[in-house]
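Remarks on the structure that follows.
When reading the values below, keep in mind they use all heavy atoms of this one structure, side chains included, and skip hydrogens, waters and symmetry mates.
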Amino acid sequence: MDYGQMFAFITNIIFVMTLGWYLITNLQWYDYRIERVLLRHHKTWWHIVYFILPFISYYVLGDYFWIVFYLVIIPAMLMWHLKLDKKLVITWRVKRFLILLFSVTLLLNFLLTLKEASQTYSVFIPLVIAYLGSWGTEKFLFAAYKRQAKQKIASMQDLTIICVTGSYGKTSMKNFIAQVLGQKFNVYATPRSVNTLGGIIRDVNESLPAYTQVYICEAGAREVGDIYAIAQLLHPQIVVVGKVGPQHLEYFKTLERIQRTKLEIIQSNRLKRAFIHTSVTNEPHEKVTFFGDDIHNLVATLEGIDFDLNVGGEERHFHTSVLGGFQTININAAILIASEMGMKGDEIVSAVEKLKSVEHRLERIDAGGKIILDDGYNGNIDGMLEGVRLCSLHTGRKVIVTPGLVESTEELNSELISAINKVFDIAIITGSLNAVQFDKELTVAQKIMLSDKSQMVKTLGEVTRAGDIILFANDAPNFI
């Protein structure tokens, strides 16, 4: 092997690994579903710039490819990676894929060299072999981990499993249920926004304590059947279906399909009680209790929430420092489950009063004379409109930072923009997803369009001052 062939050999390996890094990053974002990466990516032009054009240039430029690769492609890919706010997490699955890709590329390159092939080595074949090999390996491991999780759940005979789903507020509902029940039981809830079958299996195997009395699990979905699979893994005794609306319509297409998918959660052979929000269905069932319309005398301010609710046949008054009137739906579910599990009225009232806001979900932060409402993890219209309403109660200037609604409709974004126009003095729009619509429809005194979120801190420092209230409404990662 001469110097030129050695250089081409090494360049090919680095190039294939670069494309592999791009591929596995996108697969991780989209739950390792190749069809979602190809057909439902929010920035398909990335595929053209960072995958297709480099791939074509490798074969078109031949011996001169290295110039473009080292001077253009590598710097561009590095800048792309550095600007991501949701970078690749190096899990064992990612390590297995990258190791397999490197091994296959190295082997094929040696074979081609021994055959005295040209200095243009294969690019597509190593990626395909690595992807298919990784897919098969992960399928095998997934089945083994799933059996392990089922065995662990079966061994915990006294464990009560509560499964929570819905279009909006799943994570808040899960956390409120955990906080309320935690006053009386040993409770464990899935961390953060873990809500996929794979994430739940891993959580059960690695983190569910053996002494747990109540396991509270959040169930999410992107396709029909996703929640059914979770129900068949856990077979929960108690389930909650929160409010359902036109969220993730790009995946489900119709509201009816969303409702049907969420109701998959009741397919449990151990089901004792299902609490279902009135927005989902009104079909009666002996094990179903409907909720959502029982809250009354609601007062929601920047200081918290007060409301009344009948618990066990007795009218009760509740107060919590949690912000957002819409949160009463999630708190209502927690109260119903606490009552179902034998907690007394006074215990529930006390537990609700102790509730803490869920991080990044209308979380109030007072800093530098400013009031910050961090609602970055809330991406539904009801929650965002409530954040806008709460800001309207503030007497000083009002600033909103938002990318708008994601995986929703243009009509709902128009509704959000209309509310923003009535309340805010300054609107900072992040990202490109809804930029055209917001730029056209916003009529606030000062409108700032930020395509790069890295400029947000600097911008806020320049345009805000003490006495302002700042609402961070939704925070879509920049691949969306």
If we check side chain to side chain contact (heavy atoms under 4.5 Å, CB included) with Thr464, which of these qualifies: Ile372, Val399, Ile428? Val399

The single option from Ile348, Leu336, Asp346 passing side chain to side chain contact (heavy atoms under 4.5 Å, CB included) against Val311: Ile348

If you define the side chain from C-beta out and look only at heavy atoms, does anything of Leu84 sit under 4.5 Å from Trp29? yes

In sequence, state the C-alpha distance, the side-chain angles, and the governing distance for Arg260 and Glu256, and then conclude on salt bridge (Lys or Arg N to Asp or Glu O under 4.0 Å). CA-CA 6 Å; Arg260 192 167 68 247; Glu256 189 273 334; 2.6 Å; yes

Pairs flagged by side chain to side chain donor-acceptor pair (under 3.5 Å) wherever residues 289-301 is involved - sequence neighbours left out: Arg273-Thr289, Thr278-Asp293, His296-Glu315, Asn297-Asp308

Considering only distance and modelled atom types, tabulate donor-acceptor pairs under 3.5 Å from the side chains of residues 225-234, sequence neighbours left out.
unit_1, atom_1, unit_2, atom_2, d
Asp226, OD2, Arg222, N, 2.9
Asp226, OD2, Glu223, N, 3.0
Gln232, NE2, Gln267, O, 2.5

Measure centre to centre between the rings of Phe307 and Phe318, then say whether the value is under 6.0 Å. yes

Set of residues satisfying side-chain contact (heavy atoms from CB on, under 4.5 Å) with respect to [X], sequence neighbours excluded:
{"X": "Lys440", "result": "none"}
{"X": "Tyr145", "result": "Leu141, Gln148, Ile201, Asn205"}
{"X": "His285", "result": "Lys287, Val288"}
{"X": "Val49", "result": "Trp45"}

Passes side chain to side chain contact (heavy atoms under 4.5 Å, CB included), Leu298 versus Ile305? Steps please. CA-CA 7 Å; Leu298 170 63; Ile305 311 169; 3.4 Å; yes

side-chain hydrogen bond (donor to acceptor under 3.5 Å, both in side chains) for Asn332 and Asn330? Distances and angles first, verdict last. CA-CA 5 Å; Asn332 190 355; Asn330 304 322; over 6 Å; no

Candidate pair Ile161 and Ile153, rule side chain to side chain contact (heavy atoms under 4.5 Å, CB included), full reasoning: CA-CA 9 Å; Ile161 298 178; Ile153 291 169; 3.9 Å; yes

Determine, for Lys458 against Glu462, whether the closest basic-nitrogen to carboxylate-oxygen distance falls under 4.0 angstrom. yes

Any salt bridge between Lys344 and Glu314, counting N to O under 4.0 Å? no

Do [X] and [Y] meet the criterion of a side-chain donor-acceptor pair at a distance under 3.5 Å?
{"X": "Gln437", "Y": "Ser414", "value": "yes"}
{"X": "His277", "Y": "Tyr168", "value": "no"}
{"X": "Glu218", "Y": "Thr171", "value": "yes"}

What salt bridge (charged side-chain N to carboxylate O under 4.0 Å, His left out) pairs are there with at least one residue in [range], not counting sequence neighbours?
{"range": "residues 135-161", "answer": "Arg96-Glu138"}
{"range": "residues 371-388", "answer": "Lys243-Asp382, Glu386-Arg389"}
{"range": "residues 192-217", "answer": "Arg202-Glu206"}
{"range": "residues 425-439", "answer": "Asp439-Lys447"}

Residues passing the ring-ring contact (aromatic ring centres under 6.0 Å, His included) test with Phe290, sequence neighbours excluded, are none

Please report the C-alpha distance between Tyr22 and Trp46 in whole Å, then the side-chain angles of each, then the deciding distance to 0.1 Å, and finally whether the ring pair (Phe, Tyr, Trp, His ring centres under 6.0 Å) criterion is met. CA-CA 10 Å; Tyr22 175 81; Trp46 280 5; 7.5 Å; no

Arg40 charged N/C atom sitting above Tyr30 aromatic ring, 6.0 Å / 45°: no

Value rounded to 0.5 Å, distance of OG1 in Thr320 from CG in Leu355: 4.5 Å

Any pair with a residue in residues 328-361 that passes ring pair (Phe, Tyr, Trp, His ring centres under 6.0 Å), sequence neighbours left out, goes on the list, sorted by first then second residue, please. His360-Tyr377

